[in-house]
Each structure stands twice: as C-alpha cells, then as structure tokens.
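Every chain is numbered from 1 and lettered A, B, ... according to where its sequence line falls, protein lines coming before strand lines.
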2 protein chains.
Amino acid sequence: MKSAPRAQDVADLAQVSQSAVSRTFTPGASVSEEMRSKVLAAAQRLGYRPNALARSLITRQSRIVALVMSYLENQFYPLVIEKLSQKLQKEGYHVLMFIADIDEGADGVLADILQYQVDGIVLASTMLSPTLAKSCSDLGVPVVQFNRISDLAGLTRYATSSVTSDNAVGGRLAAELFVARGYERIAFLAGLEDSSTSLERERGFTEALADLGSDLAYRDTGHYSFQCAQDAVRRLFDRADRPDALFVANDHMAIAAMDVLRLELGLQVPDEVGIIGFDDVPQAAWGAYQLTTVSQRVQPMVDATVALLLEQMCGEVHAREIVVPCTLIERKTVRAAT
Amino acid sequence: MKSAPRAQDVADLAQVSQSAVSRTFTPGASVSEEMRSKVLAAAQRLGYRPNALARSLITRQSRIVALVMSYLENQFYPLVIEKLSQKLQKEGYHVLMFIADIDEGADGVLADILQYQVDGIVLASTMLSPTLAKSCSDLGVPVVQFNRISDLAGLTRYATSSVTSDNAVGGRLAAELFVARGYERIAFLAGLEDSSTSLERERGFTEALADLGSDLAYRDTGHYSFQCAQDAVRRLFDRADRPDALFVANDHMAIAAMDVLRLELGLQVPDEVGIIGFDDVPQAAWGAYQLTTVSQRVQPMVDATVALLLEQMCGEVHAREIVVPCTLIERKTVRAAT
DNA sequence: CTGAAAGCGCTAACAA
DNA sequence: TTGTTAGCGCTTTCAG
C-alpha cells in the first residue's frame, strides 16, 4: 500500500498547477473545459480523491453532522438514523454517530463532538439534551433537538431549534377516541417524567379528557423501557376497579403493555382494555399487535431537521421550533364505534 | 460567536510555546508536570479543544471508522450500530454512517468514504459488499465485513477480514430440532440468493437434514423484506401437501411469516407448523411471537470486529475470518419433545 | 524537557 | 482563466 495521491501528483501528471486541480474539484470554480478534462483524466488515472479533512481545515466546514442518540431499541430511532443519513448524504453531509452513554456525562460527549469540528448537531437523546443544547448554542454550533424540546416551563429556554410532532394534539386525538368509544376508566403510561415528549402527550391527553367531562383515572411511568413498562402495567391493573383504557407514551412500551395485558392478565383487547400508542413504528402494524396509534411521520420530521440545520449553518441565528402534525392510525386495539 | 481558540492562543496565555500545548494534549509526550498544569489551566480558561481534523492531517489517522449499512428495519442492525459505536468510542474512534442507497452505486459510496480519510470500514450491507471490499483492500484501508463474507466459491476471494456467526452450525441446529420434534415436510425461506449469510444457513440446514435422513421439501426467497417474506410464505403454503416446518433466514422474516401462517392461514403454531428464525432480535422474545431462533450474539461479534480493525490499523495485513458460535434459543414456535 | 521551524493536503486571495 | 503564494491548526523533527 502506497499513500494516496495528492493534488500535486495530479498536477504533475497533467502538467498544470496544483490550484488548477483544486479548482476542478471545487464546484463553481472557474476552470476552462480543456483544463478540466485534462485534470480529470490525470485524476482518474491516479485514482485521486480530494482529502476532505485538509479541505475542512481551510474552509472551516467539515460537512459532518453529529447525531446523538441513546435508545436504539425503540425502532423509531433507527428509522431516524436511516432517513437522516440519507437526506444529509444527498446534501453532501454525513452523520457521525454518538451513542450517549449513561456513565459518560454530557461534557465528555460534547468534547468529543467539538473536536471533530462538526457543522451541526442533532440531539435525539433525552438524557443529555438540556445541558448539551445550551453548551453548543453558546459555542455557535447549530443544534437541532429532535423529538424533544429543552424546557417546557419556558423560563430558561435557550435559543435552540427543535423539531417535534404535535404531541399535545396527538394526546388529544387519543383521548377523543377513547371517550367516543365508551371507555371510562382511563390510564396513562408515561415515558420519563422529565421528557418533554411524554409530558406534552400527557398534557394533550388529560386536557382533552377534561374537556370531554372524563378524567385520568390512573397513571404510571415506564421509563421508555420494555421491562419497566411491563412492571408499570402490572401495577396499574392490579386493582379491583382496573382501567379499561390505556394510552401509552410510545409504541415500544405499548407493545410491552399488550403482552402483559393479553398474555399475563388474560384481558381481551380491545373489548376489556383499549390501547393507544404513539409513533407508529413498523411493529405497531404487525399482525399480532395491530396497535391503534398516533403516527409520527419520520420523513417530514427529518426534512425539517435538515432544513433547520442548513439554515443555521448559513448564519441564520434565529432558532425555530418546528411542529409536525400527527394523525391517528386506527387498527385493532380500540373497539369499533357502536 | 467568535471562532474557537487555537493552540497558539493557549500558548500565549500560558506564556509557553505552541508545541508545549500540543504535547500536553498528546498522550505519552514528554512534558513536565509544571508545564502541563500551566497549559491545562490556560486551556480550561479558553475552553480549548484540539482540532481533530488538523491533527488527522499530520498524524494520518482520522480516528473515524465508516459503517456501511442498508436495512435498518431489521432490528439486528440498530443493535450493531449501538454496540459498535460504544465500543469504538471507548477506543477513541467514532462511527461515520453510510446508508447504502440502491440507486447510488458502490463507487459513489466508496468515493464518499475515502474522502473522509477513514481509518477503517465496517461493511454490514449486503448489496455492495463484494465490490467495495475489494476496492478498499486495494487501497490499503482496513475493512471488516460484518455478518457476511465475500465469496463463497473462494475462487476470487480477496484478502478481506470478516466476522460472522457460525451460520452453517446454526442451520444445522435448526434442522436437528425440527427432526427431533417430528416435523416432516420441511421448508426454508431464504434471504437473498447471493447473500452468504442466507446461503450458509441454508447449507448447514439442508446438510443436517440429509444426515438425518430427511430432506428439504420446499424453499423460497423473501429478499430480507417483510412484504416479500409474506408473499413467499403464501406461495410455500398454497399446496395440498403444505410444509409443517419452516426455517427462516432471519427473525425479521420469520415474524412476517408467523403473521401470515397464524392470522391469514389460521394455522396453529407450533402444532401445525413449526418455525425457527435466526438472529434472536429483541422482538423474537416478545410475548405475541415467542419465536424459537438461533441466536447471534451481537456483542462478541462487535468485539471481534473492533479487534480485527485495530489489528489491521496497526499494520497487520493478514486478513482473518472470525466465526462466532451461535446457540439455539428455544421458545414456543417448535413443539416440545414428545 | 522545551522552543523554533517545517510541513500535512488543501483553498483562496492575489497577480498576471 | 491560470499560476503563485500564504496559510488553516496541528504534530514532529531538530537543536538547545
């Protein structure tokens, strides 16, 4: 293995200056057609590819975007990785993955990210979003929070852009469906108590319930984990006046819940218990679950994220919060209209 | 936003030379404790982080590893992303994602990858592995094929390392279980006809069947897709003498198959049809499926991949093929011993 | 152990 | 349009 050819090597072979080579590989630079083809031919022969790192050093843009995530077990996130990578690839950017480790604090991840001189950061991890988001904004690196917002209270809201579904409306849709179909003892299974996504879904849900003259009978937390969700469901249903409807903060936990309800407690879904999830992950459509759920459209969310990122990279410092509409997908876990 | 501090800024503040700063941030360089703390203090104050890109330019290593994937819908792959990222992060490397697009050929992806001067490549995408693997080896970039090998025939096998499960043994285990439990009309649902993984699993399966005096009654292909797998199952079972056992090349398709068999064709699993999958993705353990499957242990596979990568980066040119053992996980889709 | 100096491969003024 | 020149921020000889 000999080392990769440099621009100078191509220049030598083509008998032109090294800058000519640079220009040929810089979109929009002024090169004559003749020069261009001469350089291209030489480059071809040597198998020359510009060194993106050297280029980044001077242009001050790496064309790398950091993606910070933590729970890939929830299928929603892999889909985000896939769509986001594809979209960014089309725009000439690439995704550098950062898995947020529990023990490694926000600082560690941040230091790592910044060393790579990334052009932007997509935060799709609950745990370290708040701190990280602030630090990055301070440093002037474009950040978009994906599927979460910094601070619900709005008191210390940093100028961080975000892309979310209309979680409150999604919660509302769920509430309306339950009430319309005659469910009465309604429960909610939260994700994390400090997750904006879960909180907003719950807020929309309970508000709509109140509007309709019903109310939330019980609630518990599943920590976005399959196991914890199942434990929570056992607690929720271990009472005489057990719930007859359960709205779950996401599909991943909703599926966990269904296993407990149907297989462990022997309850009939949707007759004895109605269930609504959130996300519409592929598994929600699987035959054995047929989960009625609120759909989060990944593609529009990703598109918005990339748009926001590009906008901020161009120097638009105005942080924006984009809310993508979501719709109810009715399958088989809520009983039909009477 | 003012631009990030450079080593020179730190040097100025600490009243030392710029090289001193460099040395402080270079593990194993000789700096006195006094100098070190002086520099560190200044760096701290300015929020200095070494520019990894500039460093890469001279050290000729980017500490970036490219990961090429395509079908994230199969939950096995997200798990790989997660574990691999974590492991590499611990070793001081990071993962740059490349989603292999169908229309974009191998050349496009390769060009992209090489521009970033990655220190290594993990290929976990079926589609463009063969060509890519060769090109990279030629260029002297360490490559590890994950969960696939280049060329079964061995004729044109390039010196490419790989990490796979012992797919043939896995197939054998499946065959033995089916025969032991009295299944007789045995079918196989392949992934892709040219996928080494699928081929090896099938080979082990059919060979074991033959050894046991049984044989493969039917086979079809599901292209690793949920939809295609379901179509294939409909074809396989649309005959008078329908199979009573189905070995599927992976869990993703096995679950698709179960939906058709139980819900569409109304067959009893495991009594009327036995099913065995491959991978042991989290969903295989879900209550509604309880899929008996051959387990691929992600962690050992990832560990081996990283080891191989590091070894090759150190100049070991010797390509190795690591085979990780796999075990049968018995759940509820194969009937119990009589 | 420390500082000065020479680049890594490339882009971007600036002249011609 | 082209070539020349000066760095981007860092590591790494080489003297001292």
* Closest non-hydrogen atom pair, E311(A) against H318(A) -> OE2-O, 4.4 Å
* Measure from the side chain of M35(B), starting at C-beta and using heavy atoms only, and say which of dT2(C), dG3(D), dT12(D) lies closest. => dT2(C)
Integer-rounded Å distance: [N] [atom2] and [X] [atom1]:
{"X": "E33(A)", "N": "dT1(D)", "atom1": "CD", "atom2": "P", "answer": "11 Å"}
{"X": "Y116(A)", "N": "dC10(D)", "atom1": "OH", "atom2": "P", "answer": "15 Å"}
{"X": "R6(B)", "N": "dT11(D)", "atom1": "CZ", "atom2": "P", "answer": "14 Å"}
{"X": "L46(B)", "N": "dG9(D)", "atom1": "CG", "atom2": "C1'", "answer": "15 Å"}
{"X": "F25(A)", "N": "dT11(C)", "atom1": "CZ", "atom2": "P", "answer": "10 Å"}
{"X": "Q8(B)", "N": "dA5(C)", "atom1": "CD", "atom2": "P", "answer": "12 Å"}
{"X": "D12(B)", "N": "dG9(D)", "atom1": "CG", "atom2": "P", "answer": "13 Å"}
{"X": "Q18(A)", "N": "dC8(C)", "atom1": "CD", "atom2": "C1'", "answer": "12 Å"}

Report which part of the nucleic acid [X] touches: base, sugar-phosphate, or nothing (heavy-atom distance under 4.0 Å, all strands).
{"X": "V21(A)", "result": "nothing"}
{"X": "S32(A)", "result": "sugar-phosphate"}
{"X": "Y48(A)", "result": "sugar-phosphate"}

* DNA chain D: N51(B) or R23(B), which has the more 5' nearest nucleotide? -> N51(B)
* Asked: Does a side-chain N or O from S17(B) land closer than 4.0 Å to OP1 or OP2 of dT2(C), or not?
  ->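 Looking at the OP1 and OP2 atoms of dT2(C), neither is under 4.0 Å from any side-chain N or O of S17(B).
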* Asked: Taking OP1 and OP2 of dA12(C), is either one under 4.0 Å from a side-chain nitrogen or oxygen of S19(A)?
  -> no
* To do: Start with the C-alpha gap between S165(A) and M301(A), add the side-chain angles, then the distance that decides, and say whether side chain to side chain contact (heavy atoms under 4.5 Å, CB included) holds.
  => CA-CA 8 Å; S165(A) 284; M301(A) 291 177 75; 3.7 Å; yes
* Using a cut-off of strictly less than 4.0 Å between a heavy atom of the residue and any atom of DNA chain C, enumerate the qualifying residues of residues 53-65 of chain B by number. =>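 Those residues whose heavy atoms fall under 4.0 Å from DNA chain C, taken from residues 53-65 of chain B in numerical order, are L57(B), I58(B), R60(B).
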